[in-house]
Amino acid sequence: MSENNHPTPEETIDTNQIIEERRAKLHKLQETGNAFPNDFNREDLASAIHEKYGALNKEQLEETPAQATVAGRIMLKRVMGKASFATIQDMSGQIQLYINNAGIGEEEHTAFKHWDLGDIVGASGELFKTKTGELSIRVKSLRLLTKSLRPLPEKFHGLTDQEQRYRQRYVDLIVTPEAKKNFQIRSKAIQILRTFFTDRGYLEVETPMMQSIPGGATARPFVTHHNALDMQLYLRVAPELYLKRLVVGGFEKVFEINRNFRNEGISTRHNPEFTMLEFYEAYRDYKYLMGLTENMLRELAEACTGSSLIEYQGQDIDFGKPFQRLTMAEAIAKHNETFSSDELHDINFLREALARRKVPHFPADGIGMLQLKLFEETTEEKLIQPTFIVAHPTDVSPLARSNDDNPAVTDRFELFIAGREIANGFSELNDPEDQSNRFKAQAEAKAQGDDEAMFYDSDYIRALEYGMPPTAGEGIGIDRLIMLLTNSASIREVILFPQMRPE
RNA sequence: GGGCGGUUAGCUCAGCUGGUAGAGCAGUGGACUUUUAAUCCAUUGGUCGCGAGUUCGAAUCUCGCACCGCCUACCA
């Protein structure tokens with residue numbers, strides 16, 4: 001393979017006897033006419049036919065025969081001499097074809113017998129029910145629309161090799177109904193979210209993915225280069241700072257559903273590019289967002305799964321009940337009997353507890369930071385039911401507004417479900433001088449080697465100096481949310497083309 | 001990044017303590033007019049991930065490499 005990961009054509013050709021035989025069939029078709037016709041008009045979808053006629057009995061269908069014109073891929077084929085059955089699949093589902101000499105003539109039927117699983121055909125005829133009651137089409141005309149050269153995976157077991165499922169998603173989608181279903185749910189969920197916000201007067205926007213100063217999250221960015229401007233650009237790690245510029249500009253309710261890029265490892269919960277929903281609303285605070293988030297997720301679960309009670313990897317998760325709201329200390333005490341509330345507010349106790357668990361911490365860490373570390377170590381994974389954790393230390397929340405009563409913490413929450421962070425929201429910091437100081441602290445951390453720390457963004461400060469109204473904002477990782485809704489253990493089950501090493 | 005496991009026909013998988021590779025599906029030929037993973041008969045198909053080593057002999061043992069999966073770390 002060449003150094004830039006681009007295989008030469010020779011390297012990509014893999015072939016075998018089956019492919020060669022199919023290629024020969026294709027060439028034979030090309031001798032007698034156009035092997036790739038483009039003039040077939042599909043009129044009916046498999047699922048619509050089942051919905052409309054599935055309930056009728058054999059006799060009812062015989063009395064008033066309904067016509068259907070369908071197209072799809074041959075998934076199963078059963079040839080019995082003078083009669084044949086084929087199951088074809090379209091975007092909506094499957095329907096059975098009944099093919100015999102009486103319907104399409106002996107010559108056409110013989111041709112059909114040499115077609116292959118995976119070929120794409122168009123058929124029309126009348127609906128009937130077989131003696132076992134399966135709604136089928138008695139085919140009166142049948143055309144081969146696209147010859148398939150490559151054999152499909154085994155018809156019963158399908159594709160079980162996960163690597164191949166991800167690398168050749170097109171094959172996975174053909175033969176794995178659950179995979180298809182997951183992506184249909186994903187599409188529906190995003191559509192519902194979009195409607196949720198537009199119905200509430202939010203404006204959907206798109207902000208830069210290529211940024212000269214990546215901001216809005218503590219994460220390592222991807223770096224790229226613009227030739228004409230001869231400048232370094234970063235793929236965004238978050239849209240946050242641009243969305244808040246828009247709030248300054250007077251778009252008081254905005255949202256964006258789009259890709260973020262973070263230069264981190266790949267795992268069952270991480271893909272380098274992932275989809276993020278972020279939304280901002282002026283004249284609201286983080287408490288309002290918690291209520292909004294509850295409503296959103298409850299509505300989403302019901303629309304996508306039919307119930308506000310979903311099962312995820314063997315655990316029941318209830319979106320129907322009010323979500324708990326706890327501080328970190330409260331959550332730790334609630335889920336760990338060994339800690340009392342008093343102990344969790346004792347800085348020496350916390351240091352000792354972390355040391356016992358070999359969790360790194362520093363003398364400069366305040367009580368909030370120590371609680372956060374203990375929370376992550378002992379409690380996060382136990383938050384199965386939707387739970388808001390509030391009041392994060394200001395040190396780890398450089399864009400969030402400090403709490404009026406205790407500036408060491410922020411007006412912030414994170415939502416945990418099934419032991420994972422699903423949402424992160426806060427009242428936005430709109431004091432330009434405070435924000436400037438927090439950026440400076442981040443920039444300093446970066447200079448000291450923290451490559452996830454933020455850059456100083458002077459244009460963002462300038463925007464805040466024009467005045468950003470009091471605003472609340474939130475981000476939700478869409479892929480992980482879809483994992484919950486589809487009961488997927490891996491993020492790769494909800495990303496069509498997950499990042500893989502070159503073959 | 002660290003640990004463990006996997007890689008055999010187009011697909012799903014066997015292959016024992018080393019003796020030169022098998023099944024089912026798919027394909028090909030044949031039988032069969034309502035099948036349901038159709039059935040029955042015959043049959044084609046392999047650089048056993050790649051590269052070294054040990055051995056008379058390696059899919060099998062050893063080492064290295066590649067890719068994938070799972071766990072773990074950072075995060076959303």
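Lettering of chains follows the sequences in order, A, B, ..., and the numbering in each one begins at 1. None of the values given here were measured: they were computed from a predicted structure. FYI, side chains are in, hydrogens and waters are out, and symmetry mates aren't considered; it's all heavy atoms of this structure.
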Indicate, with a heavy-atom threshold strictly under 4.0 Å, whether [X] touches base, sugar-phosphate, or nothing.
X	value
A:R501	sugar-phosphate
A:L152	nothing
A:R167	sugar-phosphate
A:Q96	base
A:E163	sugar-phosphate
A:R138	base
A:E134	base
A:T130	base
A:G475	nothing

| Closest-nucleotide ordering on RNA chain B, the 5'-leading residue of A:Q17 and A:R22 | A:R22

[N] versus [M] - spacing of their [atom1] atoms, nearest Å:
N	M	atom1	result
B:A21	B:U28	P	27 Å
B:G2	B:U8	C1'	30 Å
B:C32	B:A14	P	38 Å
B:C70	B:C13	P	15 Å
B:G22	B:C40	P	22 Å

| request: Check whether the ring centres of A:Y280 and A:F255 lie less than 6.0 Å apart, and answer yes or no. | output: no

| task | Give a yes or no on whether the ring-centroid distance for A:F455 and A:Y234 is below 6.0 angstrom. | result | yes

| Cation-pi check, A:R138 onto A:F128 ring (under 6.0 Å, within 45° of axis) |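 The answer is yes; both the distance and angle limits are met.
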
I need the [atom1]-[atom2] distance between [X] and [N], as an integer number of Å.
X	N	atom1	atom2	answer
A:L76	B:A26	CG	P	9 Å
A:E154	B:U12	CD	C1'	5 Å
A:Q162	B:C67	CD	C1'	14 Å
A:D451	B:G1	CG	P	14 Å

| Does a donor on one side chain and an acceptor on the other come within less than 3.5 Å for A:Q313 and A:N487? |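 Note: A:Q313 and A:N487 side chains meet the donor-acceptor criterion.
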
| Any ring-ring contact (aromatic ring centres under 6.0 Å, His included) pairs touching residues 149-181 of chain A, not counting sequence neighbours? |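 Found none.
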
Please write out the pairs of protein N or O atoms and N or O atoms of nucleotides 31-33 of chain B separated by less than 3.5 Å, giving the distance to one decimal.
from  : atom 1 : to    : atom 2 : distance (Å)
B:C32 : N3     : A:V79 : O      : 3.4
B:C32 : N3     : A:G81 : N      : 3.2
B:C32 : N4     : A:G81 : N      : 3.2

| said: Would you call the rings of A:H109 and A:F112 parallel, tilted or perpendicular, taking 30° and 60° as the class edges? | reply: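 Taking A:F112 first and then A:H109, their aromatic rings lie parallel (interplane angle under 30°).
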
| remark: Of the listed B:C25, B:C70, B:C68, the closest approach to the A:M500 side chain comes from B:C68

| message | Considering only residues two or more places apart or on different chains, which pairs with a residue in residues 442-453 of chain A satisfy salt bridge (charged side-chain N to carboxylate O under 4.0 Å, His left out)? | response | A:R220-A:D451

